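Below is one structure, written out as structure tokens, with a few remarks after it.
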Amino acid sequence: MYKSIETLLVEIPTIRPHKMAVATMQTQTLVLVKITTEDGYIGWGEATTIGGLGYGEESPESIKTNIETYFAPLLKSLAGLNIAQTFAVIKRNINGNRFAKCAIQTALLDSQAQRLGLPLSELLGGRLRDSVPVLWVLASGNTEKDIAEAQNMIAAKRHNIFKLKIGSRAVEADVEHVLAIKQALGKDVSIRVDVNRAWSELEAIKGIQLLQEGGVDLIEQPCAIDNIDAMQRLTRRFDIAIMADESLMGPGTAYKLAKTNAASVFAVKVAQSGGLLEGRDVATVADLAGIDLYGGTMLEGPVGTIASAHTFSTFTNLAYGTELFGPLLLTEEILKTPMQYQNFELTVPKTAGLGIELDEDKIDNLRRQ
């Protein structure tokens, strides 16, 4: 059924340093998976991570090795199974590896949607919107540069919601940085912050109180991944939205967070969830629990970004928009026709499969040899 399974590491510099609490990125390594089927369809998936092992348990190198060593031989051994049966075999035989599983699943769904002549979103339950709102992350670490960058984005009608990466400095310094930007941009511009799990509970109490008073709209993952009790206490203590990100690792953890009231918003990332279908399951848990949704990113290139957009287009509730700006952070375009960002939103393609065409010559030039 599967003729070939290739994993490519593609190195692309970013337009500026992207500073987070866990790492500072100046180059992104895209992990692209290309699956060619026996009947001639080519499906693409992506398993891009952030900051090597500084962010999570998988790295570009481990993903490539594990796909080549375990996933590819398993897939090639299967015959006569549909997509759901194939996923069931993968889950039975391979533990963990959520990012790798997401890339494989995306590629298989891409080829199946092409085979059926449908946009990928229609295999996920059907889209409810043809575009999704996209915010921009300000992560230079410099207050004046961030203000200028935001003002340029607003003027160009590309983004009017901004998230700030904080947590690498003292709480007071981070709060001062955020509130200076909020004041400069005005009350009509939404400002959110991502702490990337850097604060203790006491630091979070101090920081969130000041940010709430300053008009910030949302606090993302203030505490450590496993510190669900602290997330629960912060969610109950403050009126400001508290969003779970790294603590969300698929439907099982979504259920636990919802059951303990440990977040008022879920950041859904398809790779962290283990796949597009699992991302949909996370959204279902959120809907049943009355938790708002936000479409997250692993700073993927166009393949992972458009796969996420197809998924998020099916969500009933997308109250906090999405963060699908990853390709805009890269200095090189690897699509023959760039994705459409306009009027603060990303258009979800209506053509079959993912609805994008990769420039394989360009990819070959950027591949890690």
Side-chain angles (χ1 to χ4, degrees), residues 20-23 25 28-31 33 45-60 62-63 66-67 87 90-91 94-107 109 124 132 137 163 165 194-198 220-228 231 242-258 262-263 265-286 291-301 303-312 314-315 318 320-326:
M20 299 170 286
V22 294
M25 292 173 47
Q28 179 61 301
T29 302
L30 307 184
V31 184
V33 175
E46 184 172 352
T48 295
T49 66
I50 295 173
L53 292 177
Y55 183 89
E57 298 168 345
E58 292 173 78
S59 69
S62 73
I63 291 166
N66 286 342
I67 288 177
F87 294 154
I90 289 173
K91 285 182 178 178
I94 299 176
N95 290 309
N97 289 275
R98 297 190 312 278
F99 284 65
K101 284 177 177 173
C102 180
I104 296 290
Q105 187 190 95
T106 301
L109 289 172
L124 301 171
V132 293
V137 172
K163 188 169 86 172
K165 292 285 190 179
D194 183 1
V195 187
N196 278 130
R197 59 188 192 262
E220 180 175 349
Q221 197 67 45
C223 299
I225 291 174
D226 296 329
N227 201 350
I228 304 303
M231 290 282 286
I242 305 294
M243 182 161 76
D245 176 15
E246 288 93 343
S247 294
L248 264 176
M249 292 173 276
T253 52
Y255 173 73
K256 289 175 185 174
L257 289 166
V265 183
F266 281 176
V268 183
K269 293 179 177 175
V270 295
Q272 278 193 175
S273 298
L276 312 187
L277 297 168
E278 288 76 8
R280 279 281 304 148
D281 290 342
V282 171
T284 299
V285 171
I291 293 169
D292 285 331
L293 290 173
Y294 170 80
T297 181
M298 290 301 301
L299 297 178
E300 293 105 332
V303 175
T305 297
I306 214 67
S308 296
H310 277 285
T311 307
F312 301 155
T314 70
F315 289 2
L318 199 58
Y320 284 86
T322 79
E323 193 178 328
L324 297 180
F325 70 94

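Heavy atoms only: backbone and side chains are in, while hydrogens, waters and symmetry mates are out. Treat the numbers as computed from the prediction; the structure is a model and nothing was measured.
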Between G45 and V303, the two heavy atoms sitting closest are C-CG1, 3.6 Å

Mind checking whether R280 and F315 have side chains closer than 4.5 Å, heavy atoms only?
yes

Looking only at atom types and distance, does a side-chain atom of Q105 sit under 3.5 Å from a main-chain N or O of L276, one as donor and one as acceptor?
yes

Using the side chain to side chain contact (heavy atoms under 4.5 Å, CB included) criterion, which residues pair with A286? Sequence neighbours excluded.
F266, I291, L293

Find out whether E46 and T106 are in side-chain contact, i.e. whether some heavy atom of one side chain is under 4.5 Å from a heavy atom of the other.
no

Is there a donor-acceptor pair under 3.5 Å between the side chain of Q221 and the backbone N or O of S247?
yes

Among I63, N66, I67, the one residue meeting side-chain contact (heavy atoms from CB on, under 4.5 Å) with N97
N66

Identify, with sequence neighbours excluded, every residue that meets salt bridge (charged side-chain N to carboxylate O under 4.0 Å, His left out) alongside E323.
K163

If you define the side chain from C-beta out and look only at heavy atoms, does anything of S273 sit under 4.5 Å from L248?
no

If the condition is side chain to side chain contact (heavy atoms under 4.5 Å, CB included), which residues does K269 pass it with, not counting sequence neighbours?
Y55, D245, Q272, M298

I'd like a table of donor-acceptor pairs (distance under 3.5 Å, sequence neighbours excluded) in which one partner is a side-chain atom from residues 251-258, with atom names and distances.
residue	atom	partner	partner atom	Å
T253	OG1	M249	N	2.7
T253	OG1	G250	N	3.4
T253	OG1	G250	O	3.0

Nearest heavy-atom contact between A47 and A103 is CB-CB, 3.6 Å

Could you pull out the closest heavy-atom pair between A271 and E300, with the gap in Å?
CB-OE2, 4.4 Å

What's the spacing between L124 CG and H310 NE2 if we round to 0.5 Å?
8.5 Å

What residues, two or more places apart in sequence or in another chain, satisfy side chain to side chain contact (heavy atoms under 4.5 Å, CB included) together with T322?
V132, V134, F312, L318, L324

Under the rule for side chain to side chain contact (heavy atoms under 4.5 Å, CB included), what residues qualify as partners of S59, not counting sequence neighbours?
L53, E61, S62

Does any non-hydrogen side-chain atom of N196 lie less than 4.5 Å from one of E246?
yes

What I'd like to find out is whether the side chain of S308 reaches to under 4.5 Å of the side chain of T297, using heavy atoms alone.
no

Just by modelled atom types, is the G301 backbone N or O under 3.5 Å from a matching donor or acceptor in the Q28 side chain?
no

With rounding to the nearest 0.5 angstrom, report the CE to CD1 distance, M231 to I242.
7.0 Å

Between atom CE of M243 and atom OH of Y320, what is the distance when rounded to the nearest 0.5 Å?
9.5 Å

Within-4.5 Å side-chain heavy-atom neighbours: T29 and T48:
no

